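One structure is given below, encoded as C-alpha cells.
Sequence lines set the chain letters: A, B, ... in the order given, protein chains first and strands last, and positions in each chain run from 1. Values in this document were obtained by computation on a predicted structure and should not be read as measured data.
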Amino acid sequence: MEASTAPRTRCLLDENTFTENFMNQIRARKTYLCYKVEILDGDTWVPLDENKGFVHNKGANQPGQPCHAELYFLDRIRSWNLDRGLHYRLTCFISWTPCHTCAQNLATFLGENSHVSLRIFASRIYSLPGCGAGLRTLQAAGAQIAIMTSKEFEHCWETFVDHQGRPFQPWDDLEVVSQHLCEKLQAILQTQQN
DNA sequence: ATTTTCAAT
C-alpha cells in the first residue's frame, strides 16, 4: 500500500486571506507578498515553479522582532543562490508598496545583483513620509513598479490561492480604485521631491 | 478627491 507521502502540497493562500489582504479599497494592517521567478532562456522567460510562493510580515503583536514582508522575500531570494551567469526575473505582488527602508534594501540588492530583475505590482500605496522617495530610489535601481489591475489580481488568484477551482470574483470598485492608485503612483514616481 | 497604512488608543 502506498504511504501518503506525496510531496507536500505547494503552499497556497487561503481564499479569505487573499481577499482580506489584497482588496485595494481597504487598509489591512499586515502585508502579504506573493512572488514568482522566471529565468531567461534565449529570448523567452521560463517559469521556475519551484521558486514560487508567498511571505507576509511579522507584526509587532507577534513574538520577536517585527519584520516587513520584503525582508523575508530577500532572505528567500538569497537562499536560492541564483546563478550569477544567468538572468532571472522576479515578479512580486504585494499588498502594500514597500516602505522607505524596504525600498532602499531592495534597491541595494538590485545594485549588487545585476543578474536579477525585479517587477513589483502593488495592491495599495503605502504612503507614510519618505515612501515616495523610497519608491523612486527603487525605480532608479531598475525595478518596475506598478499597481495591480484586475489582470494581476486574477493572475494571483490563479497562481497563489487555494481557490478549489472557483474563478476569481472581483470586488466592487476594483477597477476604479486601481485606476486611481495607478494615477497616484505615476505622480509619485515622477515627482522630484518628497 | 479619496490617506494614517508591515497594529495596538
Side-chain angles (χ1 to χ4, degrees), chain A residues 11-37 52-79 90-110 118-139 141 143-150 152-153 155-157 159-161 170-194:
Chain A
C11 225
L12 292 172
L13 272 169
D14 175 79
E15 287 184 3
N16 291 334
T17 302
F18 174 76
T19 304
E20 288 165 7
N21 284 282
F22 280 90
M23 278 183 76
N24 52 6
Q25 74 278 60
I26 55 138
R27 284 177 286 282
R29 294 188 157 178
K30 49 196 170 178
T31 298
Y32 274 74
L33 186 161
C34 303
Y35 57 85
K36 64 176 185 178
V37 185
K52 181 175 78 175
F54 69 91
V55 293
H56 60 81
N57 73 297
K58 186 167 66 136
N61 55 334
Q62 295 168 275
Q65 287 296 312
C67 182
H68 279 192
E70 295 88 334
L71 300 186
Y72 289 121
F73 178 46
L74 279 172
D75 282 348
R76 294 222 174 160
I77 299 168
R78 293 191 175 104
S79 76
L90 311 184
T91 305
C92 69
F93 304 92
I94 187 167
S95 56
W96 285 112
T97 50
C99 74
H100 180 72
T101 303
C102 286
Q104 295 280 354
N105 285 329
L106 289 166
T108 300
F109 176 84
L110 291 176
L118 176 64
R119 300 190 300 170
I120 296 173
F121 292 94
S123 173
R124 300 177 296 264
I125 299 173
Y126 192 68
S127 44
L128 293 181
C131 289
L135 293 179
R136 289 191 290 276
T137 299
L138 184 50
Q139 183 183 55
Q144 293 179 36
I145 308 171
I147 294 296
M148 291 175 73
T149 65
S150 56
E152 284 79 30
F153 287 117
H155 174 74
C156 267
W157 177 268
T159 307
F160 301 105
V161 176
W171 46 83
D172 291 347
D173 293 335
L174 183 156
E175 293 283 7
V176 175
V177 175
S178 174
Q179 183 61 39
H180 282 148
L181 292 174
C182 186
E183 290 167 8
K184 188 172 171 181
L185 179 65
Q186 293 316 309
I188 290 169
L189 293 176
Q190 289 163 16
T191 302
Q192 295 301 313
Q193 55 182 336
N194 198 23

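- As judged by a 4.0 angstrom heavy-atom cut-off over every strand, A:Gln25 is placed among residues making no nucleic acid contact.
- Listed here is the closest heavy atom pair of A:Trp96 and A:Ala28: NE1-O, 3.0 Å.
- When distances are taken from the side chain of A:Leu128 to each of B:dT4, B:dA7, B:dC6, the shortest belongs to B:dT4.
- When the P atom of B:dC6 is taken as reference, atom NE2 of A:His68 falls 7 Å away, rounded to whole Å.
- Across all strands, A:Lys184 comes closer than 4.0 Å to no nucleic acid atom at all (heavy-atom distances).
- Between A:Leu138 and A:Leu110 the shortest side-chain heavy-atom distance falls below 4.5 Å.
- Note on A:Arg29: a side-chain N or O is less than 4.0 Å away from OP1 or OP2 of B:dT5.
- Residue-level contact check: A:Ala69 touches the bases, meaning some heavy atom is under 4.0 Å from a base atom.
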Exercise. For A:Glu175 and A:Gln179, what are the C-alpha separation, side-chain angles and deciding distance, and is it a side chain to side chain donor-acceptor pair (under 3.5 Å)?
Worked result: CA-CA 6 Å; A:Glu175 293 283 7; A:Gln179 183 61 39; over 6 Å; no

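- When the P atom of B:dT3 is taken as reference, atom CG of A:Leu185 falls 18 Å away, rounded to whole Å.
- For A:Ser95 (side chain) and A:Phe22 (main-chain N/O), no donor-acceptor pair under 3.5 Å exists by modelled atom type.
- Rounded to whole Å, atom P of B:dT4 lies 19 Å from atom NZ of A:Lys30.
- Ring pair A:Phe93/A:Phe121 is parallel by interplanar angle, where below 30° counts as parallel and above 60° as perpendicular.
- To the nearest angstrom, P of B:dT4 lies 22 Å from NE2 of A:His100.
- Proximity of A:Tyr32 to the phosphate of B:dC6: no side-chain N or O atom is located under 4.0 Å from OP1 or OP2.
- As rounded to the nearest Å, B:dA1 and B:dC6 have C1' atoms that lie 26 Å from one another.
- For the pair A:Phe22 CZ and B:dC6 C1', the computed distance is 12 Å after rounding to whole Å.
- Among the heavy atoms of the strands, none lies under 4.0 Å from A:Ser123.
- When rounded to the nearest whole Å, the span between CG of A:Asn57 and P of B:dA8 equals 11 Å.
- In terms of position along DNA chain B, the nucleotide closest to A:Arg27 lies nearer the 5' end than the nucleotide closest to the other residue of the pair A:Gly59 and A:Arg27.
- The nearest whole Å value for the distance from the CD1 atom in A:Ile94 to the P atom in B:dT5 is 17 Å.
- Atom CG in A:Asn61 sits about 12 Å away from atom P in B:dT9, given to the nearest Å.
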